[in-house]
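Following: one structure in structure tokens, then a few remarks.
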Amino acid sequence: MKRVISFTLVFIIFTFLSAAAFSQSITLEEAVGIALKNNEKVKQYNERVIQREYENKSAFGNFLPSIKFQGSVNHLNDPMGISLDPIREAILQLQSGDAVNLQNLSSLITNKAPLTAEQQQAVYSQAYNKLNTALPLFETTFKKQDYWSATLIGVQPLFTGGKILAGKKYASSEFHASEAELIKTRNEITQETINNYLSIILVTEVVNTRKAVLEGIRKHKEDADKLAAAGLIAPHHVLRAKVALADAEKYLFDDENKLELAYLALKHTLGLPETEEIVITDKLNFKSVTDSLYIFKDEALMTQPIFDIIRNKKIAAEQKYNSQRAEFMPQLAAFGKYEVVKKYLSSLEPEWIIGLQLNFSVFEGFKKYNQLEAAVHLEKEIEHMEAHTKRQIDLWINKSYRDMRNAEKKYNMLAANIELANENVRQNEKRFSTGLGTSLEVIDARLSLEKNHIDRLLALYDYYKSYNDLLVATGNTNKFMKTWNREK
């Protein structure tokens, strides 16, 4: 028997130590750090920042010359050449005619008679055939049917009406806007982590309160059983105690399920697997916030990332207008071309060429004008959005601040209520034990104490949750941990 008890004790101790070894104790500050490192949404927006950074670097490349290598293998339907056969034929005819005239003149001098038509034709044919054999063909091929080409082409923009500069400023504004979006996302994940962590602390405290009330009602039920067995109270008092005990067990069961769900929510935000065990080490302790409403409003103007996003969107809209305006201006660029493979070049093709190129669009169906007008109204849209956002954030700060102060006041007021509720439980239990009180009075007193405890916990939870929301509205969530970790 002793061996069985010893084995059971060793097994229980081993199980406890194993659970403690594989569980992770996390403070609120550590939880926020883990979330900012592991959360997929933070990683997503971090990748967007890197993406915009490279796009910004890419936009700078538009100021520099572009150099391209272009190569090809070509086959023509026929070789490219030139024929001067009509000129050759004319030369043959002229020279043959001159030969006939000379021979005819010689006949007149020698024979005192010109050549006959047959003789002239014979002389012409003889001279034509002799010249045709001696004179080469007037034909040449300057481009073979199959040839290779390899060309270096360079282009340097000289004047684009400010379009390249606008593109660079637009890319830079998008990069800075993505950084502000990342800060906004980090603030939101910080808020979510803090709220989930606070929820676990709250529900844990509620579960502990439920357990204490359950033990008190269970003890009351046992006392009621003894008094009923002794005939000091009526049986219906015992029945009422049993109903209260069943209700307390039900409420405890519901809150334990809520606690499991709160842990799952926190693990999801932290990017941890559901099977990993974590232990919450921080407790809900009241730390006062002394900053006034106006301090939070002034802080929002400096640290709220939404304002940075809008400011950069305004810059982007301005640069879009500048880019559209540049479409009405001429585009001037210097260019150069160099043939690497020279042996396939014809006599009509240069080895290299440099020059200036000017493009100017005269008419495109009012398309550019309408695009310019759209850019103007985009700027106005962002101006209205900025004004609306400022009012919304001002309202957000006012609401969160008032919610925080209301929860603070409620928390402080409930301290006296709990003292009275404790005294009420003590007196009703004493009266019941002497037979002067009823079971209903004892149970109501305990439920009232439970309600006041839970209401005060909820008030403290709402106080920190509202403060957390207020800091998100100002864009300075780091301030929460300074308050949370403060001594008093």
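Positions are given from 1 along the sequence.
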- Passes salt bridge (Lys or Arg N to Asp or Glu O under 4.0 Å), K184 versus E181? Steps please. CA-CA 5 Å; K184 177 176 174 290; E181 287 176 352; over 6 Å; no

- What class does the angle between the rings of F286 and Y411 fall in, given that below 30° is parallel, 30 to 60° is tilted and above 60° is perpendicular? parallel

- Task: Take the angle between the ring planes of F63 and F60 and call it parallel below 30°, perpendicular above 60°, tilted in between.
- Result: tilted

- Within a radius of less than 6.0 Å around CE of M329, do more than 12 heavy atoms belonging to other residues, nucleotides or ligands occur? yes

- Item | Any residue meeting ring-ring contact (aromatic ring centres under 6.0 Å, His included) with Y251, in chain and number order, not counting sequence neighbours | none

- Query: With sequence neighbours left out, what residues match K342 under side-chain hydrogen bond (donor to acceptor under 3.5 Å, both in side chains)?
  - Reply: Y338

- Note on the structure: Across all chains, not counting sequence neighbours, the side-chain hydrogen bond (donor to acceptor under 3.5 Å, both in side chains) partners of K267 are none

Does a donor on one side chain sit under 3.5 Å from an acceptor on the other, for [X] and [Y]?
X    : Y    : result
S323 : Y170 : no
N56  : E174 : no
N74  : S72  : yes
T269 : N196 : yes
D394 : N398 : yes
R325 : Y321 : no

- Stepwise salt bridge (Lys or Arg N to Asp or Glu O under 4.0 Å) test for K479 and D291: CA-CA 11 Å; K479 201 172 180 180; D291 292 344; 2.5 Å; yes

- Option among D469, N468, T474 that satisfies the side-chain hydrogen bond (donor to acceptor under 3.5 Å, both in side chains) test with S400: D469

- Query: Counting N and O atoms only, with roles assigned by atom type, does the side chain of R486 sit under 3.5 Å from a partner on the main chain of S288, one being a donor and the other an acceptor?
  - Reply: yes

